[in-house]
Participant: 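Take this structure first; my questions come after.
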Number of protein chains: 2
Amino acid sequence: MRPVCPPTAMKSEIACNQCPLRALPAFASVTPEQRDFIQGMKVRERSVPAQAPVLRQGDKRSELYTLLTGWAFRYQTLADGRRQILNFLLPGDFIGLQGNLLDVERTGVEALTDVTLCVFPGDALWPLFRAHPELGFDVTWLCAHEKLLVDDNLVSVGRRSALERVAMLLIHLFKRVRALGLADGDSVPFPLTQHHVADALGLSLVHTNRTLRRLHAMKMLHLERGRLTLGALASLQSLADYEARELEDRPLI
Amino acid sequence: MRPVCPPTAMKSEIACNQCPLRALPAFASVTPEQRDFIQGMKVRERSVPAQAPVLRQGDKRSELYTLLTGWAFRYQTLADGRRQILNFLLPGDFIGLQGNLLDVERTGVEALTDVTLCVFPGDALWPLFRAHPELGFDVTWLCAHEKLLVDDNLVSVGRRSALERVAMLLIHLFKRVRALGLADGDSVPFPLTQHHVADALGLSLVHTNRTLRRLHAMKMLHLERGRLTLGALASLQSLADYEARELEDRPLI
DNA sequence: CGAGCTTTTGACGCAGGTCAAGAGCTGTGG
DNA sequence: CCACAGCTCTTGACCTGCGTCAAAAGCTCG
């Protein structure tokens with residue numbers, strides 16, 4: 001297990017005017033007054049090391065978080081250990097809404113890399129809606145946005161072939177990371193193991209590996225040392241959208 | 001194609017104090033003032049016959065709906081016709097939030113039975129948040145609640161066997177319908193065709209049929225004339241939660 | 001250097017897909 | 001009132017994408 005405190009333990013907390021949230025469409029037009037209100041609610045920051053839980057299935061009325069830095073994912077596990085990853089969380093994403101609005105947290109959240117979170121008390125939600133309806137509106141936007149991610153993943157898992165699924169996921173993450181300004185040319189950080197990919201796509205680990213190798217052989221991607229490089233994004237995209245069978249006709253390399 | 005106007009065309013519109021929404025947890029404590037506000041926003045009612053679209057993929061800034069009576073479902077289709085049903089909609093559910101908050105409607109909504117909807121203008125959402133933050137809060141609750149349904153379905157499609165998936169779906173719908181007070185003993189109306197079940201669970205039509213027959217042979221359910229009867233809900237539930245393989249050992253009849 | 005990840009690859013089996021065809025039901029029109 | 005078109009449901013035969021089992025190789029960290 002890694003140490004709980006990241007090496008840079010002395011760094012000061014991020015003020016809300018530095019918050020990555022500001023870059024998001026929903027939060028683009030936050031006024032200074034609103035920002036002060038948010039800052040007033042903010043309890044503290046919390047660091048969670050890679051692989052450690054942020055929220056556990058079954059938690060009640062937990063705190064609310066905003067992901068400031070790092071990657072995480074939402075998942076659900078069955079009694080016998082099978083795990084389904086629902087979606088990945090990147091800086092700016094909101095965490096803990098379900099456990100707060102509904103009775104219990106149905107899904108767990110685990111850190112994929114070391115992560116820092118902005119912490120709000122669990123009972124902050126209603127005062128926020130009351131005092132700043134615009135911010136409540138933004139929370140609703142974030143919820144709808146996350147639902148869209150889950151929708152898309154469900155379509156993949158339910159109706160796409162393994163090749164299509166993997167292509168979709170990589171494109172999707174690539175674009176999200178790039179949109180956050182974290183891309184370096186046509187390459188982005190990629191902290192997922194193949195195990196995560198498998199659990200997100202409803203595939204076995206072995207078949208995920210074979211599919212990745214196949215995409216690699218097709219020169220559609222490079223994946224090493226935690227970086228993902230998508231050379232021909234457009235062709236990968238067309239692969240994701242179309243039936244895998246049509247491709248079998250062509251030589252794979 | 002069925003006639004657009006249902007037989008009982010002359011019936012008057014439902015006042016908000018009659019609205020099925022009132023029975024939902026989120027709307028349980030709506031004050032008379034809030035109710036009047038909602039009533040003031042309500043534009044009209046809309047009837048949609050079974051099989052007809054309520055919302056199309058690609059619609060922009062559509063109206064907002066509340067489902068008053070009947071069943072519907074949210075779905076997404078791929079270019080080549082594969083369809084994934086994301087979740088089913090029952091009276092009290094909110095429709096059109098995504099298309100309204102985000103730019104475009106990514107998912108279609110189709111009526112499963114004849115349906116009546118309560119119509120609100122697309123630009124009513126923000127005024128509602130502003131004037132009645134409690135109601136905005138409720139909208140957020142509904143969004144989080146629907147996300148939970150999609151989450152659960154994704155877990156099924158990604159990680160459960162066909163037998164488990166079908167069992168989960170039937171139990172889930174049974175409970176929802178019963179919670180709405182629409183059950184008759186251990187039987188509920190069930191307007192889905194096997195095609196809908198297949199598209200919701202990411203299975204083929206043929207395999208869905210075989211799985212249903214198998215459950216029928218196990219005396220876990222009766223399905224005929226649009227009614228679903230679950231005799232032994234508890235045993236079906238244990239079947240849904242556990243690995244299908246454990247069952248193979250026992251005689252199937 | 002060994003324990004425990006992660007990635008790879010081969011061999012093999014099966015759950016579930018595909019193809020085909022027929023039966024039952026309902027609505028429609030001649 | 002029957003014939004026919006078009007659903008929905010069933011069932012059989014066959015096939016394959018993906019899962020499972022096994023084993024080994026590379027990496028990382030203590």
Side-chain angles (χ1 to χ4, degrees), chain A residues 1-3 7 49-51 80-84 110 112-113 156-167 190-217 221-228 243-248 252, chain B residues 1-3 7 49-51 80-84 112-113 156-167 190-217 221-228 243-249 252:
Chain A
M1 188 65 81
R2 312 253 211 117
Q51 274 81 268
D80 61 0
R82 285 172 289 178
R83 180 175 74 169
Q84 178 65 44
E110 185 177 312
L112 205 50
T113 64
S156 277
V157 173
R159 289 298 176 213
R160 286 193 238 255
S161 70
L163 203 67
E164 293 172 309
R165 285 184 225 182
V166 172
F190 193 80
L192 320 206
T193 66
Q194 296 186 3
H195 202 89
H196 294 119
V197 175
D199 281 352
L201 298 180
L203 295 169
S204 72
L205 180 57
V206 174
H207 199 69
T208 300
N209 177 275
R210 281 191 228 278
T211 307
L212 281 168
R213 300 259 77 222
R214 204 167 138 211
L215 284 168
H216 181 81
L221 58 88
H222 280 276
L223 195 48
E224 63 181 352
R225 290 169 197 284
R227 289 200 76 84
L228 167 68
E243 176 61 272
R245 247 170 302 149
E246 298 181 25
L247 294 159
E248 309 294 332
L252 283 184
Chain B
M1 189 64 82
R2 315 254 209 112
Q51 274 79 272
D80 61 1
R82 286 173 288 180
R83 179 176 72 169
Q84 177 65 44
L112 206 50
T113 65
S156 277
V157 173
R159 287 299 176 209
R160 283 193 240 256
S161 71
L163 204 67
E164 294 173 306
R165 284 184 226 184
V166 172
F190 193 80
L192 321 206
T193 65
Q194 297 186 1
H195 201 89
H196 294 118
V197 176
D199 281 353
L201 299 180
L203 295 169
S204 72
L205 180 55
V206 173
H207 199 69
T208 300
N209 177 276
R210 282 192 228 276
T211 307
L212 281 168
R213 302 259 76 222
R214 205 167 136 211
L215 284 168
H216 182 80
L221 59 88
H222 280 276
L223 198 46
E224 65 181 350
R225 290 167 200 285
R227 289 201 75 83
L228 166 68
E243 179 59 272
R245 249 172 299 150
E246 300 182 22
L247 293 158
E248 309 293 332
D249 308 333
L252 284 185

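Since the structure is predicted, the reported quantities are computational estimates derived from the model, not experimental observations. Chain identifiers are assigned alphabetically (A, B, ...) following the order of the sequence lines, protein sequences preceding nucleic acid strands; residue numbering begins at 1 within each chain. The figures here come from the full heavy-atom set of this structure, side chains too, leaving out hydrogens, waters and symmetry mates.
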Participant: When the C1' atoms of the five terminal pairs at each end define the local axes, what inter-axis angle does the helix from dC1(C)-dG30(D) to dG30(C)-dC1(D) show, to 10 degrees?
Facilitator: 30°
Participant: If you compare all heavy atoms of Val157(A) against all heavy atoms of Gly158(B), which two are closest, and at what distance to 0.1 Å?
Facilitator: CG1-CA, 3.5 Å
Participant: Measuring from the side chain of Thr193(B) (C-beta onward, heavy atoms only), which nucleotide among dT9(C), dT7(C), dT8(D) has the closest atom?
Facilitator: dT8(D)
Participant: What pairs of residues pass the salt bridge (charged side-chain N to carboxylate O under 4.0 Å, His left out) test when at least one of them lies in residues 193-208 of chain B, not counting sequence neighbours?
Facilitator: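 Salt bridge (charged side-chain N to carboxylate O under 4.0 Å, His left out) check on residues 193-208 of chain B returns Arg159(A)-Asp199(B), Arg83(B)-Asp199(B).
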Participant: In a table with atom names and distances, give each donor-acceptor pair under 3.5 Å that connects a side chain of residues 202-210 of chain A to protein atoms at least two apart or in another chain.
Facilitator:
from	atom 1	to	atom 2	distance (Å)
Ser204(A)	OG	His207(A)	N	3.1
Thr208(A)	OG1	Ser204(A)	O	2.7
Asn209(A)	ND2	Gln194(A)	OE1	2.9

Participant: At under 4.0 Å between heavy atoms, what does Leu212(A) touch on the DNA or RNA strands: base, sugar-phosphate, or nothing?
Facilitator: nothing
Participant: Dump the pairs, protein N or O against N or O of nucleotides 10-13 of chain C, anything under 3.5 Å, distances to one decimal.
Facilitator:
from	atom 1	to	atom 2	distance (Å)
dG10(C)	N7	Arg210(A)	NH1	3.3
dG10(C)	N7	Arg210(A)	NH2	3.3
dG10(C)	O6	Arg210(A)	NH2	3.2
dA11(C)	N6	Arg210(A)	NH2	2.9

Participant: So, is Asn209(A) near the phosphate of dT7(C), with a side-chain N or O under 4.0 Å from OP1 or OP2?
Facilitator: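 It does not, given that no N or O in the side chain of Asn209(A) lies less than 4.0 Å from OP1 or OP2 of dT7(C).
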Participant: Quick one: list whatever passes salt bridge (Lys or Arg N to Asp or Glu O under 4.0 Å) with Arg160(B), sequence neighbours left out.
Facilitator: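 Arg160(B): no salt bridge (Lys or Arg N to Asp or Glu O under 4.0 Å) contacts found.
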Participant: NA contact type, Leu203(A), heavy-atom cut-off 4.0 Å: base, sugar-phosphate, or nothing?
Facilitator: sugar-phosphate
Participant: What's the spacing between Leu215(B) CG and Leu163(B) CG if we round to 0.5 Å?
Facilitator: 5.0 Å
Participant: If the condition is ring pair (Phe, Tyr, Trp, His ring centres under 6.0 Å), which residues does His195(B) pass it with, not counting sequence neighbours?
Facilitator: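 For His195(B), no residue satisfies ring pair (Phe, Tyr, Trp, His ring centres under 6.0 Å) once neighbours in sequence are set aside.
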Participant: Just call it for Gly226(A): base, sugar-phosphate, or nothing, with non-hydrogen atoms closer than 4.0 Å on any strand.
Facilitator: nothing
Participant: Suppose we screen for side chain to side chain donor-acceptor pair (under 3.5 Å). Which residues come up paired with Arg227(A), at least two apart in sequence or across chains?
Facilitator: Ser187(A)
Participant: Return the set of residues passing side chain to side chain donor-acceptor pair (under 3.5 Å) with Thr113(B) (not counting sequence neighbours), or none when no residue passes.
Facilitator: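 Not a single residue meets the side chain to side chain donor-acceptor pair (under 3.5 Å) criterion with Thr113(B).
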